[in-house]
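Quick note on labels: first sequence line is chain A, next is B, and so on, each numbered from 1.
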Amino acid sequence: MTDIFTFRVKKIIGSIPVGKVTTYGRVACWAGNSKGARQVARILHSNSEKYSLPWHRVVNRHGKISSRPSLGHIFQRQLLEEEGIVFDDSGRIDYSLYLWYPEPRAVEGE
DNA sequence: CTCGTGACTCCCG
DNA sequence: TCGGGAGCCACGA
C-alpha cells in the first residue's frame, strides 16, 4: 500500500514499551521517511485519540516535550513520570536511560 | 485537485 | 544554551 508510512508510525508507536521514549525523527526514519518527523507528530496526534497510541512516549530530539505549552504538555510529562521516567532540572529526559530502539521485526511487521 | 497548517529537525550565529 | 529561518511531508477543508 502507499501509506505504509502512516501505518508504520502507528505500529512503531504502539510498540514502545512502558518506561521508554523515542523521538519523532527516529520513528520517521524507521517508518521509511527520515524527513517526516513532523508527519509523525501530526499522524500521532491524529491517531492517538482514535487508536489510543502512547504519544506521550515520543519527544523531540532534545529529549524534551514539544507539545504546545498547554495542558497537554503537563499531562505528557505526568504520564511519563508515572511510568518511571525522570526529568532533569531542564525538563529533559535522560536518553542514556530511557531512549528506546524498535525491533526491525516490529517495523516490518505487517 | 489546491492550500494552509503543524506535538519536528537541521543549520547557523 | 537558545532562537530564528528553511526544508519536508501528510492530512483536513
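When distances run from any side-chain atom of A/Phe5 to the nucleotides C/dA10, C/dT1, B/dT9, the shortest one goes to C/dA10. For A/Tyr24, whose side chain is taken as the heavy atoms from C-beta onward, the closest listed nucleotide among C/dC8, B/dC8, C/dT1 is B/dC8. In this structure, of B/dC8, B/dA7, C/dT1, it is B/dA7 that holds the atom nearest to the side chain of A/Ser67. Distance from the side chain of A/Trp55 is smallest for B/dA7 among the nucleotides C/dA10, B/dT9, B/dA7.
If you check every strand for non-hydrogen atoms under 4.0 Å, A/Thr6 touches sugar and phosphate atoms only. Residue A/Arg26 is out of contact with every strand shown, counting any heavy-atom pair closer than 4.0 Å. Contacts of A/Gly25 with the nucleic acid, taken as non-hydrogen atoms under 4.0 Å apart, involve only primed sugar atoms and P, OP1 or OP2. Nucleic acid contact for A/Arg61: sugar-phosphate only, since backbone atoms but no base atoms lie under 4.0 Å from a heavy atom of the residue.
Look at NE2 on A/His45: it is 18 Å from C1' on C/dC9, rounded to the nearest Å. The distance between atom CD of A/Gln39 and atom P of B/dG6, rounded to the nearest whole Å, is 13 Å. Rounded to a whole Å, the CD1 atom of A/Ile65 is 13 Å from the P atom of B/dT9. Distance, A/Phe7 CZ to C/dC9 C1': 20 Å, rounded to whole Å. As a whole-Å value, the separation of A/His62 NE2 from B/dA7 P is 16 Å. One atom, NZ of A/Lys64, and another, P of B/dA7, lie 17 Å apart when rounded to the nearest Å. The distance from atom CG of A/Asn47 to atom P of C/dA10 is 14 Å, rounded to the nearest whole Å. Note: CD (A/Glu49) to C1' (B/dA7) measures 12 Å, nearest angstrom.
Taking only side-chain nitrogens and oxygens, A/Arg42 never comes nearer than 4.0 Å to OP1 or OP2 of B/dG4. At the phosphate of B/dC8, OP1 or OP2 sits under 4.0 Å from a side-chain N or O atom of A/Ser66.
Residue order along DNA chain C, read from the 5' end via each residue's closest nucleotide, puts A/Arg38 first among A/Ser46 and A/Arg38.
Between the side chain of A/Lys50 and the backbone N or O of A/Ser46 there is at least one donor-acceptor pair closer than 3.5 Å. Side chain of A/Tyr24 to main chain of A/Arg61: no donor-acceptor pair is present (N/O by atom type, distance under 3.5 Å, no hydrogens or angles).
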Q: Could you walk me through whether A/Gln78 and A/His56 pass side chain to side chain donor-acceptor pair (under 3.5 Å), step by step?
A: CA-CA 9 Å; A/Gln78 223 169 61; A/His56 55 276; over 6 Å; no
Q.
Set out, in order, the CA-CA distance, both residues' side-chain angles and the distance that settles side chain to side chain contact (heavy atoms under 4.5 Å, CB included) for A/Tyr95 and A/Val59, then state yes or no.
A. CA-CA 11 Å; A/Tyr95 276 159; A/Val59 295; 3.5 Å; yes
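A/Leu80 is listed as a side-chain neighbour of A/Val21, based on a closest heavy-atom distance under 4.5 Å.
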